[in-house]
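Some notes on the structure that comes next.
Quick note on labels: first sequence line is chain A, next is B, and so on, each numbered from 1.
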Amino acid sequence: MSTDEKTPPREYRMTELAEAAGITVRTLRYYRERKLIPPPRRAGRIAWYDGRHLARLRTIAALLERGHTLGGIAELIAAFEGGRDVAELLGLGDPFAAPWSRETLVRLSPEELVDHFSGEATAENLAASLDIGYLAVDGEELVHVSRRLLDVSRKLVREGVPLPVMLAAGREIRAHADALAATFASLFRQHVLTDVPPGAAEGEPPSPEDVDRMARTLDRLRPVAHTVVEAEVALAMDRRIRAELRAWLGD
DNA sequence: ATTCTTACA
DNA sequence: TGTAAGGA
């Protein structure tokens, strides 16, 4: 049941945007100076802001509420935008566009998100989801990085798992997944990519050919990693279920 | 007169 | 972060 209010690409003057975001004009200007929000469109004397700016301001407010400093938020934003540029530069593009991947991005209006997680769609949970990287802000919409993760989140919440608890678990799993990815990367780096130069860390800039080969080779990690992790998790869950049952039966 | 920036506290 | 002063 989403109310179809008129949401044409509205634009805001400084004062309007500040009021909509619940901050002062001075603060708005301060955020802009600190590169926390993109520059507005300039029409002569007037600075025009749009929904993306408002969304960004809401994100900043949520992160501030959660205890982040302005400096930390600026780094997050820079890393997010910078990382995207680096990926495109390397020709990797959207990682979920790969043919082997079953991941799809899901665009959601804030209203749809509330529909999915009614009572639990709070500013804190939104900030946490942004922080983990499950959600990203794109203009006036939100983008979930994985249809499968989104579906399973809804299922778990319906099963009674509180969203904050689930997000904390997600954070934990993310850490393990990062460690797994690092293991695979190191494996390839040391034993498969032996003929590739050390890298930009301390040396000559790598040739475009090397960059290309590096990207392709690392890309071959993906199916390998998927298979190994899937099989190992299956085995681990098997062992765990047996152990839980044994403990429950009081063995 | 309005809208925004600069500069100082 | 508020605000007075000044440019366009």
Side-chain angles (χ1 to χ4, degrees), chain A residues 2-89 94 105 107-145 162-168 170-171 174-175:
Chain A
S2 47
T3 48
D4 256 310
E5 278 299 312
K6 47 162 189 179
T7 313
R10 180 180 171 188
E11 291 197 308
Y12 308 79
R13 289 172 177 75
M14 275 197 108
T15 340
E16 294 174 323
L17 181 69
E19 189 183 1
I23 60 177
T24 66
V25 173
R26 180 68 179 82
T27 307
L28 175 60
R29 212 192 313 282
Y30 184 64
Y31 287 172
R32 204 180 60 201
E33 285 167 8
R34 297 201 55 170
K35 306 286 172 63
L36 285 156
I37 54 174
R41 181 175 69 84
R42 283 307 173 90
R45 196 81 203 124
I46 317 272
W48 290 105
Y49 296 86
D50 58 27
R52 295 173 309 120
H53 297 96
L54 183 54
R56 171 66 61 81
L57 288 173
R58 294 203 207 283
T59 304
I60 293 170
L63 290 173
L64 281 176
E65 188 79 20
R66 204 157 171 277
H68 286 79
T69 64
L70 282 182
I73 296 172
E75 282 182 24
L76 278 182
I77 290 170
F80 184 74
E81 293 176 345
R84 183 178 206 148
D85 289 340
V86 168
E88 284 174 359
L89 195 69
D94 177 4
L105 300 176
R107 308 188 70 83
L108 293 163
S109 68
E111 290 76 18
E112 287 172 315
L113 197 67
V114 170
D115 284 347
H116 289 337
F117 298 101
S118 48
E120 305 234 59
T122 65
E124 288 73 23
N125 288 334
L126 174 62
S129 302
L130 292 168
D131 206 33
I132 301 178
Y134 285 164
L135 280 180
V137 173
D138 182 29
E140 291 178 326
E141 284 191 322
L142 296 160
V143 179
H144 196 289
V145 295
L163 193 46
V165 173
M166 208 200 59
L167 291 171
R171 201 182 284 279
R174 167 70 54 84

Send over the distance from [X] [atom1] to [N] [atom2], rounded to a whole Å.
X	N	atom1	atom2	result
A:Met14	B:dT6	CE	P	10 Å
A:Tyr12	B:dC4	OH	P	15 Å
A:Arg32	B:dT3	CZ	C1'	12 Å
A:Tyr49	B:dT3	OH	P	14 Å

Does the side chain of [Y] come within less than 4.5 Å of [X]'s, by heavy atoms?
X	Y	value
A:Leu113	A:Leu135	yes
A:Leu28	A:His53	no
A:Arg29	A:Val25	yes

Atom pair CG/CG of A:Leu57 and A:Leu17 - distance to nearest 0.5 Å: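 The CG atom of A:Leu57 sits 5.0 Å away from the CG atom of A:Leu17.
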A:Glu33 vs A:Arg13, nearer the 5' end of DNA chain B by closest nucleotide: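 Result of the comparison: A:Arg13.
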Donor-acceptor contact below 3.5 Å, side chain A:Glu11 vs main chain A:Trp48: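 Judged by distance alone, no pair lies under 3.5 Å.
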For A:Ala175, side chain to side chain contact (heavy atoms under 4.5 Å, CB included) partners two or more places apart: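 Applying side chain to side chain contact (heavy atoms under 4.5 Å, CB included) to A:Ala175 gives none.
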Those residues that, when tested against A:Glu16, pass side chain to side chain contact (heavy atoms under 4.5 Å, CB included) (two or more places apart):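 Listed in chain order: A:Arg10, A:Tyr12, A:Arg13.
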Full working for side-chain contact (heavy atoms from CB on, under 4.5 Å) between A:Ile60 and A:Arg56: CA-CA 6 Å; A:Ile60 293 170; A:Arg56 171 66 61 81; 4.0 Å; yes
side-chain contact (heavy atoms from CB on, under 4.5 Å) assessment of A:Arg58 paired with A:Leu126: CA-CA 10 Å; A:Arg58 294 203 207 283; A:Leu126 174 62; over 6 Å; no
Base-pairing string, 5' to 3', of DNA chain B - Watson-Crick or wobble, under 3.5 Å, | interstrand: .|.||||||
Contact residues, residues 23-31 of chain A to DNA chain B [heavy atom, < 4.0 Å]: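 Under 4.0 Å from DNA chain B: A:Arg26, A:Arg29.
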Return a table of donor-acceptor pairs under 3.5 angstrom between the side chains of residues 30-37 of chain A and protein atoms on other chains or two or more places apart.
from, atom 1, to, atom 2, distance (Å)
A:Tyr30, OH, A:Arg34, NH1, 3.3
A:Arg32, NH1, A:Tyr49, OH, 2.6

N-O pairing of A:Arg41 and A:Asp50 below 4.0 Å: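 Not counted as a salt bridge, because no side-chain N and carboxylate O are separated by less than 4.0 Å.
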What's touching nucleotides 6-8 of chain C from the protein side, N or O pairs under 3.5 Å?
from, atom 1, to, atom 2, distance (Å)
C:dG7, N2, A:Arg45, NE, 2.5
C:dG7, N2, A:Arg45, NH2, 2.6

